[in-house]
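Written below as structure tokens is the structure these notes are about.
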Amino acid sequence: MGMVLIFISFTLLCLVPPSYGFDPMDPQGNITIKWDLLQSNTGTTDLKISISNYQLYRHIEPPGWKLGWFWEGDEVIWSMTGAQATQQGNCSRFKGQQLPHSCEKAPLIVDLLPGTPYNRQTANCCRGGVLTSMTQDPSKYTASFQMNVGVATDSSNFTMPFNFSVGIAGYSCSNATEVPATKFTTDGGRRWTQALGTWDVICIYSLTLASPSPKCCVSLSSFYSKTIVPCPQCSCGCQGLPGTQCVKFGDVPSLLQQNQDPTEAPTPLVRCTRHMCPVNVHWHVKQSYKEYWRVKMTMTNLNIVKNYSDWTLVVMHPNLQSLVQVFSFNFKPLNQYGSVNDTGMFWGTRFYNDVLLQEGEMGNVQSEMLLRKDPGLFTFREGWAFPRRISFNGDDCVMPPPDQYPKLPNMGNTAKSSRSAIFFSFLLLLVMF
Ligand SMILES: *[C@@H]1O[C@H](CO)[C@@H](O)[C@H](O)[C@H]1NC(C)=O
Ligand SMILES: *[C@@H]1O[C@H](CO)[C@@H](O)[C@H](O)[C@H]1NC(C)=O
Ligand SMILES: *[C@@H]1O[C@H](CO)[C@@H](O)[C@H](O)[C@H]1NC(C)=O
Ligand SMILES: *[C@@H]1O[C@H](CO)[C@@H](O)[C@H](O)[C@H]1NC(C)=O
Ligand SMILES: *[C@@H]1O[C@H](CO)[C@@H](O)[C@H](O)[C@H]1NC(C)=O
Ligand SMILES: *[C@@H]1O[C@H](CO)[C@@H](O)[C@H](O)[C@H]1NC(C)=O
Ligand SMILES: *[C@@H]1O[C@H](CO)[C@@H](O)[C@H](O)[C@H]1NC(C)=O
């Protein structure tokens, strides 16, 4: 009876379509692109553009952001510091003068690389377009650059462009809206200046826009069962189907197709497995003490061409509210709804395990955590000890079906356990709506 309920809840959970652009675990999450008009002279305008990643657990990984827009008139970018346009475009109408930085109607702007000469830098620039989430590193979730723009005719005012993009799959951006002017201080707060105008562009992530296929899967095991539940077959793709490509274990791909454009992400190339996912998260119920229990989490990189830097893992499990200790990962509860305290975020420790290296080079990171057994809630029955949901870098991982979970050696259905199963199903329903 309990198992059936769990199964129904899971099926329901899988049927609920991901709502467009809304993440219940990060309802406020957005990337804000702020345009500050610093100065306007006849025909030219100085602008400062800041990109802030206001997301709890989604970060921007290499090759980084690539900001795009569409100019309203025939504006050109005369100069830029702290970033650069990827194309200069057709500047032939400026023959005989110093050429602008970019004459593109729809320029694409990328960050500079670390180590750029000082005269081309601005504050918060030059990290190759990489931004951490707000939670991970408060000093690395914003970027900014400045540019001087030539406006169409000398007498007209600067007009904001439109059709903004951040160059990362899954994000869609609003048009610019004017907001109260940003204030800047030059003397530790003793004098404030302000922008002549400030506009915000809000970009929001949507799983449905990002990618039709999952990028990670979950496998399970426990001390009380010999069964290791593997990732479901074809979680991320099926071996041998047209369009799939994988490299057999032991084989070194001789011709690693190097992407021509360094501002584009390389096409993923994974090891041949039954699940074909680039990332596998393994949850092992390791030990049971009188009042505590211990879980080991291992993440394995099966992508041959990618290091996952600043990775994040979001886990939903009702016992996370009684987390006692996490070894070698960082943890922060994501309590978006006061009464449900079952979701938390894990990320790596800087210089130790914040990079999930490419397959073949120690391509895994692991951690253990100690949880207190909540009386009346905790049980090893009915798969309760396994996570309800896991996402890696903000993408949901495929879970094995609950009827395959490792079972306790003597399966007896006591009243207590079915009560807890009903409670668990209720929790799931709560989370869903
Ligand atoms: C974007 O995120 C910031 C920081 O969390 C928040 O203050 C702001 O309201 C968000 N904007 C939108 C439009 O959601
Ligand atoms: C460049 O732009 C000029 C007009 O500004 C146009 O006449 C010319 O054909 C363009 N050249 C190319 C290669 O597109
Ligand atoms: C430019 O802006 C000023 C003030 O915002 C306004 O008074 C003026 O009419 C504008 N000029 C044009 C050409 O739009
Ligand atoms: C603006 O973006 C939309 C969707 O990306 C595109 O269809 C449209 O052509 C773009 N408009 C301009 C003027 O570039
Ligand atoms: C943004 O502005 C452009 C031009 O001003 C307009 O064509 C487009 O429909 C607007 N897009 C949205 C999403 O409002
Ligand atoms: C991943 O990191 C390792 C060690 O730092 C490096 O040797 C390797 O080239 C990196 N791989 C990629 C695809 O960046
Ligand atoms: C949720 O759990 C964390 C510890 O994991 C605790 O610090 C926090 O107070 C809890 N919040 C609520 C609303 O119970």
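First listed ligand is number 1; within each ligand, the first listed atom is number 1.
In terms of polar-atom proximity, Gln358 is counted as a contact of ligand 6, with an N or O under 3.5 Å from an N or O of the ligand.
Aromatic rings from Phe329 and Trp311 are positioned such that their centres are separated by under 6.0 Å. Residues Phe164 and Trp199 place their aromatic rings such that the two centres sit no closer than 6.0 Å.
In this structure, of Thr177, Asn175, Thr159, the residue bringing a heavy atom nearest to atom 3 (C) of ligand 5 is Asn175. Nearest to atom 1 (C) of ligand 6 by heavy atom, out of Asn303, Leu356, Asn301, Asn307, is Asn307.
Thr142 pairs with exactly one of Asn124, Thr32, Ile51 by the side-chain contact (heavy atoms from CB on, under 4.5 Å) rule, that one being Asn124.
For atom 14 (O) of ligand 5, the nearest protein heavy atom lies closer than 4.0 Å. Less than 4.0 angstrom separates atom 9 (O) of ligand 5 from none of the non-hydrogen atoms of the protein.
Cys216 has its SG atom at least 2.5 Å from the SG atom of Cys236.
Nearest to atom 5 (O) of ligand 1 among the protein's heavy atoms is Tyr54 CB, 4.0 Å. In this structure, atom 7 (O) of ligand 1 lies nearest to the protein heavy atom Gln28 OE1, 4.2 Å.
For Arg191 and Asp187, the salt-bridge test fails: no basic side-chain N is under 4.0 Å from an acidic carboxylate O.
Annotation for ligand 6: atoms under 4.0 Å from non-hydrogen atoms of Val305 are 13 (C). Shown in contact with Asn30 at under 4.0 Å from a heavy atom are these atoms of ligand 1, numbered in order with element: 1 (C), 2 (O), 3 (C), 8 (C), 10 (C), 11 (N), 12 (C), 14 (O).
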**Study point:** Cys272 vs Cys246, disulfide bond (SG atoms under 2.5 Å apart): CA-CA, chis, key distance, verdict
**Key:** CA-CA 5 Å; Cys272 300; Cys246 67; 2.1 Å; yes

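A donor and an acceptor atom, one from each side chain of Asn90 and Ser92, are located under 3.5 Å apart.
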